[in-house]
Asks: 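Sharing a structure with you now.
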Amino acid sequence: MKTDELLLRRAAASDAAEVAEVWLRSYAAALPDVRRAHTDEEVRSWIRHVVVPGQETWVATADGTVVAMMVLGDEELDQLYVDPPWRGHGIGDRLVELAKQRRATGLALWTFQVNAPARRFYERHGFVAAERTDGTRNEEREPDVRYVWRPAP
């Protein structure tokens, strides 16, 4: 699959179920040892009722199927998940570039310290670790790291 065959677009209400399944599969594959703070049904409900209708949610689709999702806040890359079979095809790269275009003054994000692949991915995209915590401020109680990206002057 070539990434130029993918469509990046804003998520619609009809995408919510697929977005939730991508989130759940990706989280399980990337973070099998990290405690989830919410059940699958709670995640599905949150994505259906909060994320897709109320936040800037983007999807990558292939042949009409959601294969990745991203949520942007004001200056935050809040969620970025690629369905495990689709990893390594440049989809995450395209989503990060879209995020940088949409938030050209800069972005920040959090990821868990144990998620070494995600940390390498964000560092490769110019994000710099700015803060580390012991996890007491997140629902999973997992040590995390805040990354920041600022455009070159």
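Predicted model, so just to flag it, every value in this text is computed and none were measured.
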Asks: Run the side-chain contact (heavy atoms from CB on, under 4.5 Å) test on R146 and L109 for me, step by step, so that the C-alpha distance in whole Å, both residues' side-chain angles and the decisive distance to 0.1 Å come before the verdict.
Replies: CA-CA 6 Å; R146 182 171 180 78; L109 63 89; over 6 Å; no

Asks: Let me see the working for Q79 and V51 under side-chain contact (heavy atoms from CB on, under 4.5 Å), right down to the final yes or no.
Replies: CA-CA 10 Å; Q79 306 285 326; V51 174; 5.8 Å; no

Asks: Atom CD of E75 and atom OG1 of T105: how far apart are they, to the nearest 0.5 Å?
Replies: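 That separation rounds to 5.5 Å.
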
Asks: Does L80 belong to the same Ile/Leu/Val/Met/Phe/Trp/Tyr cluster as L24, with side-chain heavy atoms less than 4.5 Å apart forming each link?
Replies: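 Different hydrophobic clusters.
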
Asks: Under 3.5 Å, is there a donor on one side chain and an acceptor on the other for R44 and T39?
Replies: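 Distance-only check fails for R44 and T39.
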
Asks: How far apart are the closest heavy atoms of A99 and M70, and which atoms are they?
Replies: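 Minimum heavy-atom contact is CB-SD, 3.8 Å.
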
Asks: Carefully, step by step, assess R87 and S26 under the rule side-chain hydrogen bond (donor to acceptor under 3.5 Å, both in side chains).
Replies: CA-CA 10 Å; R87 288 185 187 154; S26 182; 2.9 Å; yes

Asks: Is any side-chain N of the basic residue among E139 and R36 closer than 4.0 Å to the acidic one's carboxylate O?
Replies: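 Salt bridge between E139 and R36, a charged N being under 4.0 Å from a carboxylate O: no.
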
Asks: Counting N and O atoms only, with roles assigned by atom type, does the side chain of R103 sit under 3.5 Å from a partner on the main chain of G73, one being a donor and the other an acceptor?
Replies: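 Yes, R103 side chain to G73 backbone: donor-acceptor pair under 3.5 Å.
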
Asks: Can you tell me how far CD of E142 sits from OG1 of T111, rounded to the nearest 0.5 angstrom?
Replies: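 That separation rounds to 10.0 Å.
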
Asks: Once rounded to the nearest 0.5 Å, what's the spacing between atom CH2 of W149 and atom NZ of K100?
Replies: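 The CH2 atom of W149 sits 5.5 Å away from the NZ atom of K100.
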
Asks: Check ring pair (Phe, Tyr, Trp, His ring centres under 6.0 Å) between F112 and all other residues, then give those that pass, not counting sequence neighbours.
Replies: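 Residues passing ring pair (Phe, Tyr, Trp, His ring centres under 6.0 Å) with F112: none at all.
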
Asks: Distance-only, no hydrogens or angles: does the D134 side chain make a donor-acceptor pair with backbone N or O of T136 under 3.5 Å?
Replies: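 Indeed, once roles are kept as given, a pair shorter than 3.5 Å links the two residues.
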
Asks: So do L77 and L72 actually touch side chain to side chain, heavy atoms under 4.5 Å?
Replies: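 In short, these two side chains touch, coming nearer than 4.5 Å.
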
Asks: The criterion is side-chain contact (heavy atoms from CB on, under 4.5 Å); which residues satisfy it with P32, sequence neighbours excluded?
Replies: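 If we apply the side-chain contact (heavy atoms from CB on, under 4.5 Å) test to P32, skipping adjacent residues, there are no hits.
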
Asks: Nearest 0.5 Å, please: how far is CH2 in W23 from CG in D40?
Replies: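 Reported value, rounded in 0.5 Å steps: 8.5 Å.
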
Asks: Are any of the side-chain heavy atoms of W110 and R137 separated by less than 4.5 Å?
Replies: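 Side chain of W110 against side chain of R137, heavy atoms only: contact under 4.5 Å found.
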
Asks: With the side chain counted from C-beta on, respond yes when Y81 and V19 share a heavy-atom pair under 4.5 Å apart, and no when they do not.
Replies: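 SC-SC contact between Y81 and V19 ruled out.
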
Asks: Output the distance between atom CG (D15) and atom CD (E21), rounded to the nearest 0.5 Å.
Replies: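 Taking CG in D15 and CD in E21, the distance rounds to 13.0 Å.
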
Asks: Does the pair D144/R119 count as a salt bridge with the N-to-O cut at 4.0 Å?
Replies: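 No salt bridge links D144 with R119.
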
Asks: Can you measure from CE (M69) to CD1 (I47) and round to the nearest 0.5 angstrom?
Replies: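 M69 atom CE to I47 atom CD1 measures 5.0 Å (nearest 0.5 Å).
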
Asks: Where is the tightest heavy-atom contact between A104 and P151, given as atom of each residue plus distance?
Replies: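 For A104 versus P151, the nearest heavy atoms are O-CG, 3.0 Å.
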
Asks: Closer than 4.0 angstrom, basic N to acidic O: yes or no for R48 and E41?
Replies: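 Salt bridge absent between R48 and E41.
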
Asks: Please find the pair of heavy atoms, one from A68 and one from V22, that lie closest to each other, and give the distance.
Replies: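 Heavy atoms of A68 and V22 come nearest at CA-CG1, 4.1 Å.
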
Asks: Ignoring hydrogens and angles, tell me if any N or O in the side chain of T61 forms a donor-acceptor pair with the backbone of V66 under 3.5 Å.
Replies: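 It does not hold such a pair.
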
Asks: Testing the 3.5 Å rule here: is there a donor-acceptor pair between the side chains of D63 and T65?
Replies: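 The answer is no; no qualifying pair exists.
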
Asks: Run the side-chain donor-acceptor check on residues 121-129: report pairs under 3.5 Å with partners two or more places apart or on a different chain.
Replies:
residue	atom	partner	partner atom	Å
E123	OE2	Y147	OH	2.6
R124	NH2	D93	OD1	3.3
H125	NE2	D93	OD1	2.7

Asks: May I ask you to test the R9-V59 pair for a side-chain heavy-atom distance under 4.5 Å?
Replies: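 Answer yes - side chains close enough.
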
Asks: Quick one: do L31 and V145 end up in the same hydrophobic cluster if we chain Ile, Leu, Val, Met, Phe, Trp and Tyr together by side-chain heavy atoms under 4.5 Å apart?
Replies: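 No; V145 is not reachable from L31 via cluster members.
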
Asks: Any idea which heavy atoms bring Q113 and T133 closest together, and the distance?
Replies: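 Heavy-atom minimum between the residues: NE2-O, 3.1 Å.
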
Asks: Is the shortest side-chain N to carboxylate O distance from R102 to E56 below 4.0 Å?
Replies: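 Yes, charged N to carboxylate O under 4.0 Å.
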
Asks: Is a donor on one side and an acceptor on the other found under 3.5 Å between the side chain of N115 and the backbone of A118?
Replies: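 Present.
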
Asks: Go through the steps to decide whether E76 and L107 satisfy the test side-chain contact (heavy atoms from CB on, under 4.5 Å), and finish with yes or no.
Replies: CA-CA 5 Å; E76 192 95 3; L107 282 166; 6.0 Å; no

Asks: Do D33 and V114 pass the side-chain contact (heavy atoms from CB on, under 4.5 Å) test, and can you show the C-alpha distance, the side-chain angles, and the key distance before you say yes or no?
Replies: CA-CA 9 Å; D33 298 324; V114 298; over 6 Å; no

Asks: Are I91 and V67 close enough that some pair of their side-chain heavy atoms sits under 4.5 Å apart?
Replies: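 Yes, close enough: below the 4.5 Å cut-off.
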
Asks: Linking I/L/V/M/F/W/Y whenever any side-chain heavy atoms sit under 4.5 Å apart, do V43 and W58 land together?
Replies: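 No, because V43 and W58 fall into different hydrophobic clusters, even though each may have its own neighbours under 4.5 Å.
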
